[in-house]
Every structure is written in C-alpha cells, then in structure tokens.
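Below is one structure, written out as structure tokens, with a few remarks after it.
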Amino acid sequence: MTTPSVLDEAQLGHLRHWDDLSRRLPHDWSGMQGKGAGEDDFGSYRFQLAYMIYGLALTHRHRLPAAPGLFRPTIQRLIDKLLMPDVWLYWRDVSRGGMVMNAHLSENYHEEWDPVVRDNIMYSAYVQSCALLHDVLFADDRYARPGALTFEHWSFFWGGEPKRFAYDRDSLNEHLYWQMVQNGYLGIACEPNCVFQICNQPAILGFRLHDVITGGDRAEEVVAGYQQAWADFGRLDDTGHYNQMILEDSKVVRPNALQAPWIDAWCGALMNTWNRDFVREHYPRQVADFLIPGPDGTISVRSTPAMNVMGQTVVSDTCDLGWVAAWASEMGDRATLDGILAHADRFMAPTWRDGALHYPRHDTPTDADGNRTEIEPMSGNVLLGYARLNVPDGLHRLYQEPWGAEHFADPALTEVGRDVEVSRAEVVDGVLHARLRRRSGDDVRVVIDRVPTGARLLFDGQEIAAEGGVTLEVPDGPARDLELRP
C-alpha cells in the first residue's frame with residue numbers, strides 16, 4: 001500500500017513564506033538583504049529567487065503532484081521578480097572586470113547592460129532553467145512567447161536611453177548552448193574569465209528540460225562534451241573536494257583551497273542531476289570534513305574565515321549551513337539533514353508569521369557556548385526550506401524522470417486560493433487524494449479540473465456533484481480530506 005505524501009507544519013510554513021515573498025511589492029526586498037553589497041555574492045536576490053523556484057518545483061514534482069494551481073502562480077511571480085533590474089544590474093559593473101582574477105584582462109572588457117549576452121552564467125542559467133521548469137511542469141508555453149523573458153531598465157536620472165533586451169525560453173536556451181559550444185563545453189564564465197563548475201550545472205538542467213519539450217538531445221551532447229573538457233583538469237582537487245573554477249585565459253584550475261563547504265555542497269547537489277554515481281561516491285568523505293556535532297544530536301557546519309584580498313576583508317554570505325542541508329537532502333542523508341535542521345530550530349530563532357516559517361538573518365557567529373547562530377537570508381529564507389521539502393535524488397529524478405503526457409490528463413487542483421493550505425495532493429491508483437485546510441482569509445476557492453466522466457467526489461465525507469469539474473470553498477475548521485474516484 002502506498003504511504004500518503006502529507007506535508008508537515010514546518011514544510012507548509014516554508015511554502016507559505018515563499019508565497020509571501022513572491023507577493024511583495026516591486027523593489028521590496030525586506031528580509032532578503034544579506035551582508036554583501038552590490039548583489040554580486042552568494043546570497044544575492046537572484047539565488048534566493050531561483051532556489052525558491054527550484055524548491056517549489058521539487059515539492060510539486062515529488063510531494064504534491066496533483067496541485068499545479070498551488071505552485072504555478074507563485075513560480076510566475078518569482079520569475080517576474082527574477083527579471084527585475086534590481087536583480088541583474090550588478091552585471092553592468094561586474095562585466096567590466098577589475099577583480100583579482102580578471103584585472104589583467106579588463107582593458108578588453110566593456111560595460112555590458114544585457115545581463116545574459118556574455119558570461120554571467122550565474123544569472124542567465126537561472127532565468128533559463130526556471131522558465132523551462134515552469135513550462136515543463138505545467139505543460140505550458142508561457143515563456144516561449146517572443147519577449148517572454150525581457151530585461152528592461154530606464155531611469156530618469158541616469159543611464160541614458162531605455163535598455164531593453166528581449167529573449168524567450170527558446171532563444172535564451174539557444175544562446176547559452178552556443179556559448180557552451182564556443183567554449184569547448186568547458187562552461188560559461190560567471191565573472192569574466194572565471195568558469196565555475198557550480199554555475200554551469202543549472203544550464204545543463206535547462207538543456208535537459210528544453211529537450212523534454214522538443215525531443216532533442218542537447219543535454220546529452222553538452223554533458224559528454226563537458227565530461228571530456230574537464231577530464232584534462234579533474235573535477236576534484238588533490239584533497240578530494242570539488243575544484244572551484246578554471247580561468248579561461250590560462251586554463252589554471254582554482255581548487256577548493258580553503259575547503260569551503262558551500263563549494264562542495266552546491267556543486268554536489270546540482271551535479272547529482274546527471275552524474276549521480278560520481279557525486280555519491282565522494283559525498284561521505286567530503287561532507288565529513290564540514291560537520292560539527294552539537295548537543296542532543298544537533299549538527300552544525302563550519303565556515304572558513306573570510307578571505308583577505310588586496311588588504312580588504314571580503315564581506316559576503318557563504319550560505320554554508322544551508323547548502324550542506326540542501327546537499328544532504330539530495331543525497332538522502334537523513335541523519336545529517338535532521339541534525340542540521342535540529343540545530344537551526346534550536347539555535348537560529350525559527351520565526352513564524354501568519355503560518356509562514358523562516359529563520360531571520362543573524363550576523364553573530366556563535367552564542368556564548370560556541371554554537372553557531374550566524375545565518376543569512378539565503379539559508380534562512382530558502383535553503384533550509386528547500387532541504388526540508390526535497391526528497392532523496394529530488395533533482396536527479398526531476399532531470400531523469402520527466403512526467404509523461406498521462407500525468408497532465410489526471411485530475412488535479414488547477415486553482416488554489418491563497419488562504420487554502422494543501423498538505424496532500426496526489427493521484428494514487430486513479431484516485432485523486434487531497435487534504436485541504438482553510439487559513440485566515442477569504443480566498444478559499446479550489447478548482448478541480450480534468451474530472452473523468454462519471455467520477456464521484458467526496459469532500460469531508462460528503463458527496464458532491466463532479467460532472468465537468470468542481471469549484472468548492474474550503475470551510476473553517478481542521479484539515480479536510482478530498483477524494484475524487486473515477
């Protein structure tokens with residue numbers, strides 16, 4: 001007998017928080033600002049938005065597959081935010097170079113306003129893969145429309161003429177593919193001259209999703225070329241940790257010299273999509289270098305000291321704890337994941353607001369007893385929730401096992417009001433099962449569509465006519481079960 005997939009209160013709280021963040025007014029990033037300045041570090045808005053979308057996609061795919069109406073509007077709102085100039089204007093400055101690994105080349109660079117036309121795979125791949133996740137999971141062509149992914153900016157005070165760069169899921173995917181080919185499949189740079197292993201993994205996921213839509217095989221081609229290109233350098237450094245990047249001009253590989261947890265965790269979690277055996281082979285030894293046992297089964301994650309470059313201390317969010325939690329969830333390492341979540345719940349001030357759960361930013365490294373208390377918005381808003389909601393091999397299965405046409409013929413909750421909590425939504429042996437609860441508020445309508453002829457709908461034990469589809473309102477009280485039987 002199949003065990004029902006039912007979300008717990010914490011999982012529901014993370015979904016509620018992501019939905020709340022998606023509904024913020026334009027340019028309201030309260031609670032999402034990290035320590036770094038300029039939106040060019042690892043806790044930036046683009047990463048928070050993208051991994052909320054990834055987390056929603058994983059939850060829909062693996063836990064609530066019959067509730068597209070719950071996820072689709074939130075993902076669309078988050079993609080809208082991902083396209084906002086607040087998120088990508090950093091590239092106008094970063095594209096000119098001047099950092100330690102490209103300063104010697106910066107006379108050949110210029111200020112670039114188009115955030116996806118060259119390099120910047122640390123942004124362009126997320127726009128590509130998030131748009132494709134939406135269209136694959138909802139059998140939609142929303143982002144295939146010309147100009148569906150358009151980057152626009154104009155200011156009355158500076159910048160001159162309006163800037164407008166129009167793409168869609170197909171043109172952006174094509175553009176990234178040819179950049180990959182032109183770079184010999186080694187990858188596309190983040191900052192000029194710096195090709196990170198991590199940031200090319202979302203592009204590979206995007207190629208695979210595009211292949212699902214078109215029936216193509218570009219992901220297979222890119223993976224084969226990527227494997228061959230990196231064979232000369234090695235994905236791992238001499239200590240067995242993932243190499244961080246390769247410099248395009250010199251082909252010098254930069255290892256994970258400080259053994260920073262975020263490098264291994266971020267790379268391993270994403271690379272598990274297409275390279276599962278390799279990632280799992282090295283995971284136990286790698287993760288053991290990062291974990292700090294705590295009281296009562298809690299587990300923390302160590303961070304490396306801040307780098308000092310050109311006499312300056314680098315101020316940025318590493319997101320180490322959050323990324324190791326996400327990595328453990330993908331690996332199915334329940335003991336490590338449970339220990340990290342227990343640590344966060346004990347030492348990182350879990351905060352509930354109107355049914356939404358997050359861990360607010362806290363910059364103090366430890367408490368008086370040495371327990372880690374520092375947490376940044378990327379982990380507290382996104383990654384701990386992502387880890388709670390993911391399943392073992394969640395990204396791997398998303399990549400390898402796309403839904404077939406039959407999934408989109410099954411009955412489903414195609415519209416879900418904001419004030420309805422959905423803790424179960426799946427079709428088992430032809431029967432749609434859902435569990436619904438009304439929260440405070442009046443937006444409590446649920447639409448059930450793709451109802452087969454002659455189906456019987458039971459909601460909280462009462463039979464409701466189901467011919468041609470159903471619209472119902474969830475009443476006050478405890479969670480109520482719904483069954484649609486063919």
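Source: prediction; values computed, not measured.
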Please report the shortest heavy-atom distance between [X] and [Y], naming the atom on each side.
{"X": "Asn272", "Y": "Val279", "result": "N-CG2, 3.9 Å"}
{"X": "Leu149", "Y": "Ala131", "result": "CD1-CB, 3.9 Å"}
{"X": "Leu270", "Y": "Tyr126", "result": "CD1-OH, 4.3 Å"}
{"X": "Phe290", "Y": "Pro261", "result": "CD2-CG, 3.6 Å"}
{"X": "Tyr359", "Y": "Ala344", "result": "CE2-O, 3.5 Å"}
{"X": "Leu291", "Y": "Pro293", "result": "O-CD, 3.9 Å"}

Steps toward ring pair (Phe, Tyr, Trp, His ring centres under 6.0 Å) verdict (Trp274, Tyr399): CA-CA 7 Å; Trp274 60 269; Tyr399 186 101; 8.1 Å; no
Check this for me: does any side-chain nitrogen of one of [X] and [Y] sit under 4.0 Å from a carboxylate oxygen of the other?
{"X": "Arg23", "Y": "Asp28", "value": "no"}
{"X": "Arg46", "Y": "Glu39", "value": "no"}
{"X": "Arg361", "Y": "Glu376", "value": "no"}
{"X": "Arg16", "Y": "Asp354", "value": "no"}
{"X": "Arg77", "Y": "Asp19", "value": "yes"}
{"X": "Arg437", "Y": "Asp481", "value": "no"}
{"X": "Arg445", "Y": "Glu415", "value": "yes"}
{"X": "Asp393", "Y": "Arg397", "value": "no"}
{"X": "Arg388", "Y": "Asp8", "value": "no"}

Strictly by modelled atom types, are [X] and [Y] linked by a side-chain donor-acceptor pair under 3.5 Å?
{"X": "Ser316", "Y": "Asp41", "value": "no"}
{"X": "Tyr123", "Y": "Tyr90", "value": "no"}
{"X": "Gln76", "Y": "His134", "value": "yes"}
{"X": "Asp86", "Y": "Trp29", "value": "yes"}
{"X": "His60", "Y": "Arg63", "value": "no"}

[Y] and [X], any side-chain heavy atoms less than 4.5 Å apart:
{"X": "Asp168", "Y": "Tyr143", "result": "no"}
{"X": "Leu186", "Y": "Met180", "result": "no"}
{"X": "Val427", "Y": "Pro65", "result": "no"}
{"X": "Ile299", "Y": "Leu337", "result": "no"}
{"X": "Leu137", "Y": "Pro68", "result": "no"}
{"X": "Arg438", "Y": "Val420", "result": "no"}
{"X": "Phe151", "Y": "Met84", "result": "no"}
{"X": "Phe459", "Y": "Leu436", "result": "yes"}

Which of parallel (below 30°), tilted (30 to 60°) and perpendicular (above 60°) describes [X] and [Y]?
{"X": "Tyr167", "Y": "His175", "result": "tilted"}
{"X": "His407", "Y": "Trp403", "result": "parallel"}
{"X": "Phe47", "Y": "Phe42", "result": "tilted"}

So, is the end of the Arg235 side chain (NZ or CZ) under 6.0 Å from the ring centre of Phe278 and within 45° of the ring's axis? yes
Here's one to test your reading of the geometry: is the NZ or CZ of Arg218 within 45 degrees of the ring axis of Tyr177 and under 6.0 Å from its centre? yes
For [Y], does its backbone N or O pair with a side-chain atom of [X] as donor and acceptor, under 3.5 Å?
{"X": "Asp419", "Y": "Val444", "value": "no"}
{"X": "Ser379", "Y": "Ile375", "value": "no"}
{"X": "His358", "Y": "Gly380", "value": "no"}

Gap separating the [atom1] atom of [X] from the [atom2] atom of [Y], nearest 0.5 angstrom:
{"X": "Arg280", "Y": "Arg276", "atom1": "CZ", "atom2": "CZ", "answer": "4.0 Å"}
{"X": "Gln201", "Y": "Thr273", "atom1": "CD", "atom2": "OG1", "answer": "6.0 Å"}
{"X": "Leu58", "Y": "Leu64", "atom1": "CG", "atom2": "CG", "answer": "12.0 Å"}
{"X": "Tyr226", "Y": "Asn183", "atom1": "OH", "atom2": "CG", "answer": "12.5 Å"}
{"X": "Leu484", "Y": "His433", "atom1": "CG", "atom2": "NE2", "answer": "10.0 Å"}
{"X": "Leu357", "Y": "Trp18", "atom1": "CG", "atom2": "CH2", "answer": "10.5 Å"}

Taking salt bridge (Lys or Arg N to Asp or Glu O under 4.0 Å) as the test, write out the residues that go with Asp443, two or more places apart. none
For this output row, return yes or no: ring centroids of [X] and [Y] closer than 6.0 angstrom.
{"X": "Trp323", "Y": "Trp262", "value": "no"}
{"X": "Tyr185", "Y": "Trp230", "value": "no"}
{"X": "Phe71", "Y": "Phe138", "value": "no"}
{"X": "Phe165", "Y": "Trp113", "value": "no"}

State which residue, out of Ile340, Leu321, Val324, fulfils the side chain to side chain contact (heavy atoms under 4.5 Å, CB included) condition with Ser300. Leu321
Run the side-chain hydrogen bond (donor to acceptor under 3.5 Å, both in side chains) test against Gln11 and tell me which residues pass, sequence neighbours left out. none
Set out, in order, the CA-CA distance, both residues' side-chain angles and the distance that settles salt bridge (charged side-chain N to carboxylate O under 4.0 Å, His left out) for Arg72 and Asp140, then state yes or no. CA-CA 10 Å; Arg72 187 174 186 170; Asp140 194 357; 2.6 Å; yes
Evaluate the salt bridge (charged side-chain N to carboxylate O under 4.0 Å, His left out) criterion for residues Asp296 and Arg346: first the C-alpha distance (whole Å), next the side-chain angles of each, then the deciding distance (0.1 Å), finally the verdict. CA-CA 10 Å; Asp296 303 321; Arg346 181 164 176 174; 2.5 Å; yes
Between Arg169 and Asp141, does the salt bridge (charged side-chain N to carboxylate O under 4.0 Å, His left out) criterion hold? Intermediate values first, please. CA-CA 9 Å; Arg169 77 176 190 208; Asp141 288 328; 3.1 Å; yes
